[in-house]
Amino acid sequence: MTSSLDLSAWWAKKIRNGTPVVVTMQNPNYSVVEIDGPGAAAFRSMDKDRGKNAKQFTWVLLLKAHRAVGCVAWLATTLWALLRAVKKRLFLRRGFSTESDMPGKGRSLLRFLRAFLLLSVVMLAFEMIAYRKGWHFTKPNLHLPDNLHIPEATEIRGWMHTAYLSWLAFRADYIAYPIQVVTNFCIVLFIVQSLDRIILCLGCFWIKLKKIKPSINGDPFKSDDIEGSGSEYPMVLVQIPMCNEREVYEQSISAACQIDWPRDRLLVQVLDDSNDEMIKLLIRAEVSKWSQRGVNIVYRHRLIRTGYKAGNLKSAMSCDYVKDYEFVAIFDADFTPNPDFLKKTIPHFKGNPELGLVQARWSFVNKDENLLTRLQNINLCFHFEVEQQVNGIFLNFFGFNGTAGVWRIKALEDSGGWLERTTVEDMDIAVRAHLNGWKFIFLNDVKVLCEVPESFEAYRKQQHRWHSGPMHLFRVCLPAIIASKICIWKKANLVLLFFLLRKLILPFYSFTLFCVILPLSMFVPEAELPIWVICYIPVLMSLLNILPAPRSLPFIVPYLLFENTMSVTKFNAMVVGLFQLGSSYEWIVTKKAGRSSESDLLMAAERDSRPIHRGLSEGELIKLNKLKDQQVAAPPPAKKENQIYKKELALALLLLTAAFRSLLSAQGIHFYFLLFQGVSFLLVGLDLIGEQMS
């Protein structure tokens, strides 16, 4: 090694000879200095540049410090706002209202979570005592039974030390193995479901690459026939089922009545199941208004309201005049189809006698209203663009969405019509039609405007129905699937993929793996949950889910956490539907906000300038005014408040307790995941996501 004296002599020789010397500083904040001539001048230049760069380095440090202070201030402000919201939600309420009508299974799940939380708090207290006393019997970051160090008899100090040692031995011998078995089973399910998701995305990529989509052969309509008899236009029935839809009835009826189709070949049925007298009169007035304008429209109200939406549709299809119609288009009350909807969907039936359903895509008018609607938009965009489009192209089968679709009436009749046996009548009729050999088409480029729930309460009830109904249907239709004459691979697709993998396995492993096993593994470290299961694969799956909605990429972390949070509701609903418990046949109409597009708002302003009840008879108008007077005289309804969800709060405390335990073990990824997931459960449990009641 060269000594400092030799290095100095070499340096002086180079300068005397005028040889250029390049000095690279180890600190990247200093620039490269070239010494080119007499040594004094070169050293002065280097000192000058060094002073200049030192000043720049100081400014960089000040800038970084300013950013750090700003970040800390933002975190403190956010934490303070969260604490204020929690205080307001918990302590300043007039009453401690929680989710109502909790079914028996919901109460059982809540009792399980409370017991799990109590046990975790006791174990955390025990571990903290052991940590404080220095009883570390496992090597750090190695949580395997063979790494367990059993102290000698001389090392045992007191009864608590003995109890802790006994707990470690019992944990390693009897608890870790069954937990690890369940963990491995859930990981296998997780991998299988992830592979299914990847295959669907590859199918969607192939469709985009090859530009595959359903096409129409030739021009199915005559250009000058729209005002004539419309011989090229089949008879179409448009049905709008609704129940107490005061916020949206007007825009849906208006959109249906403005569909571009010969009037003598179109009939609009408004199927009103409302039990509010004022709403019934308002809907009847709207129907009368469009009838006076020449639209072929009828109003139907059932006296015996059984079977929810399925019963309503079944009753409407029993009318004698329905036999004159070939197709039926169905729109829920918040859907507003474009005038060219039928011209983009009906032509696909021409020359395709095996086609039973044409399904259009949903588009959401309030997708940017709040964080909850943005997260729903991610899920539904993936559902339509990936799941339904891929299944429609390659399998000619998918679940009917219950609205924004056109059915061939013959397909409905051959499949047994609408049945009232489940709350997912749309999926029921789709499965039965598929078993009878009918094919489906999904049109990704035909969109119908609608709403997504803006409050978590409405969204939670909707998801409960969407996940309990399919399991109830699976129990009911499994014998029919097995006995059907379709090929074996179609039966396998229905049973294994459509029902088991996507409706049962997904909520099961999501809840079990991330809400039970993960926090439990913090207290039983011998049962190991790999980091790639917690972090890498979920992030990859979330990225794949967001691809159909690229503008939502900044919400990938909230989306991942929120999906895990919703696993509690979905798991509970899945069990309720599978075992046909109390709320498996419960239908609660999703609350609508009445959001309209810009064109709808302009039309509404025009309508407001005209009398809105001119379609009512004199007696109905008197009755409506009387109901309004009674409504004004009645005491104001109780002020609606945000709910508190006990299961989510219990899981929030459980995950935060497990996060503190992982902090003692210095497990970075586990700690951060548990911390953020616990905060996510806390926000949802206090109903701080979605619409906030004033």
Side-chain angles (χ1 to χ4, degrees), residues 236-259 268-274 279 282-283 286-287 297 299-302 305 307-317 327-338 341-342 345 357-367 373 376-377 380 383-384 388 399-407 412 418 420 422-430 442-443 446-455 458-459 461-466 469 587-597 600:
V236 179
L237 182 67
V238 176
Q239 294 180 333
I240 312 174
M242 58 180 64
C243 180
N244 296 325
E245 308 277 5
R246 181 165 189 164
E247 296 82 6
V248 293
Y249 76 91
E250 192 172 3
Q251 65 190 42
S252 61
I253 295 175
S254 172
C257 291
Q258 296 181 67
I259 290 179
V268 179
Q269 280 185 321
V270 178
L271 312 177
D272 182 24
D273 258 4
S274 303
I279 296 177
L282 292 174
I283 296 174
E286 185 70 14
V287 171
I297 183 172
Y299 173 87
R300 283 182 55 84
H301 180 77
R302 293 191 298 163
R305 299 168 56 250
Y308 301 117
K309 181 179 176 181
N312 198 359
L313 294 172
K314 181 179 179 180
S315 174
M317 294 299 293
F327 303 103
V328 55
I330 303 173
F331 301 102
D332 282 349
D334 58 316
F335 280 71
T336 54
N338 290 327
F341 176 82
L342 291 180
T345 54
L357 168 68
V358 175
Q359 174 70 63
R361 178 174 175 169
W362 300 359
S363 180
F364 310 106
V365 70
N366 61 337
K367 63 183 178 181
T373 58
Q376 291 179 72
N377 180 60
L380 291 170
H383 171 68
F384 292 121
Q388 294 213 308
F400 175 46
N401 297 323
T403 179
V406 181
W407 277 95
L412 291 177
W418 299 103
E420 307 168 12
T422 69
T423 57
V424 283
E425 75 295 326
D426 45 9
M427 186 181 294
D428 188 0
I429 188 64
F442 179 78
L443 301 179
V446 179
K447 300 178 181 180
V448 181
L449 276 177
C450 63
E451 293 184 14
V452 288
E454 296 183 9
S455 69
Y459 177 66
K461 291 176 179 177
Q462 181 196 70
Q463 292 300 304
H464 179 89
R465 176 167 55 86
W466 284 6
W587 183 299
I588 299 175
V589 178
T590 305
K591 180 181 179 296
K592 312 296 192 307
R595 306 287 180 187
S596 300
S597 63
D600 293 330

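The figures here come from the full heavy-atom set of this structure, side chains too, leaving out hydrogens, waters and symmetry mates.
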Student: Between Glu250 and Ser254, do the side chains contain an N or O donor and an N or O acceptor separated by less than 3.5 Å?
Tutor: no

Student: Can you tell me how far apart CD (Gln258) and OG1 (Thr336) are? Round to the nearest 0.5 Å.
Tutor: 10.5 Å

Student: Shortest non-hydrogen contact from Ile330 to Pro241?
Tutor: CG2-CD, 4.3 Å

Student: Which heavy atom of Glu245 sits nearest a heavy atom of Ala333, and at what distance?
Tutor: CG-CB, 3.5 Å

Student: When rounded to the nearest 0.5 angstrom, what is the spacing between NZ in Lys461 and CD in Gln463?
Tutor: 14.0 Å

Student: Quick one, Lys309 and Asp332 - any side-chain contact, counting heavy atoms below 4.5 Å?
Tutor: yes

Student: Quick check for you: to the nearest 0.5 Å, what is the distance between Ile297 atom CD1 and Ile253 atom CD1?
Tutor: 5.5 Å

Student: Please report the shortest heavy-atom distance between Arg465 and Val424, naming the atom on each side.
Tutor: O-CG1, 4.1 Å

Student: What is the minimum heavy-atom distance between Ser274 and Ile279, and which atoms define it?
Tutor: OG-CG2, 3.8 Å

Student: If you take all heavy atoms of Pro453 and Thr373, which pair is closest and at what distance?
Tutor: O-CG2, 3.7 Å

Student: Please enumerate all residues that pass side chain to side chain contact (heavy atoms under 4.5 Å, CB included) together with Phe384, with sequence neighbours excluded.
Tutor: Arg361, Trp362, Phe364, Leu380, Gln388, Asn401, Phe442

Student: Looking at Gln359 and Ala404, would you say the former's side chain and the latter's main chain have a donor-acceptor pair under 3.5 Å?
Tutor: yes

Student: Hey, are the side chains of Leu443 and Val358 touching, using non-hydrogen atoms and a 4.5 Å cut-off?
Tutor: yes

Student: Taking all non-hydrogen atoms of both residues into account, name the closest pair between Ser252 and Ile240 and its distance.
Tutor: O-CD1, 3.9 Å

Student: Are the side chains of Gln239 and Leu313 in contact, using a 4.5 Å heavy-atom criterion?
Tutor: yes

Student: Taking the side chain as everything from C-beta on, heavy atoms only, tell me whether Leu237 gets closer than 4.5 Å to Phe327.
Tutor: no

Student: Do Met427 and Phe400 have side chains that approach each other closer than 4.5 Å (heavy atoms only, starting at C-beta)?
Tutor: no

Student: What I'd like to find out is whether the side chain of Met242 reaches to under 4.5 Å of the side chain of Leu271, using heavy atoms alone.
Tutor: no

Student: So, does Asn338 use its side chain to make a donor-acceptor pair with the main chain of Val448 at under 3.5 Å?
Tutor: no

Student: Asp273: which residues meet the side chain to side chain contact (heavy atoms under 4.5 Å, CB included) condition with it, sequence neighbours left out?
Tutor: Cys243, Arg302, Arg305, Asn312

Student: Please work out which of the three classes, parallel, tilted or perpendicular, describes the rings of Trp418 and Trp407, given edges at 30° and 60°.
Tutor: perpendicular

Student: Kindly compute the distance separating OG (Ser363) from CG (Leu449), expressed to the nearest 0.5 Å.
Tutor: 5.0 Å

Student: Got a second to check how far Glu420's CD is from Thr422's OG1, nearest 0.5 Å?
Tutor: 10.5 Å

Student: Taking C-beta and beyond as the side chain, do Asn366 and Glu454 meet within less than 4.5 Å on heavy atoms?
Tutor: yes

Student: Would you sort out whether Val236 and Val328 count as a side-chain contact (heavy atoms from CB on, under 4.5 Å), showing the intermediate values?
Tutor: CA-CA 6 Å; Val236 179; Val328 55; over 6 Å; no

Student: Please examine the side chains of Val365 and Cys450, heavy atoms only from C-beta on, and report whether any two atoms are closer than 4.5 Å.
Tutor: no

Student: Nearest 0.5 Å, what's the CG-OG1 distance between Asp426 and Thr403?
Tutor: 9.5 Å

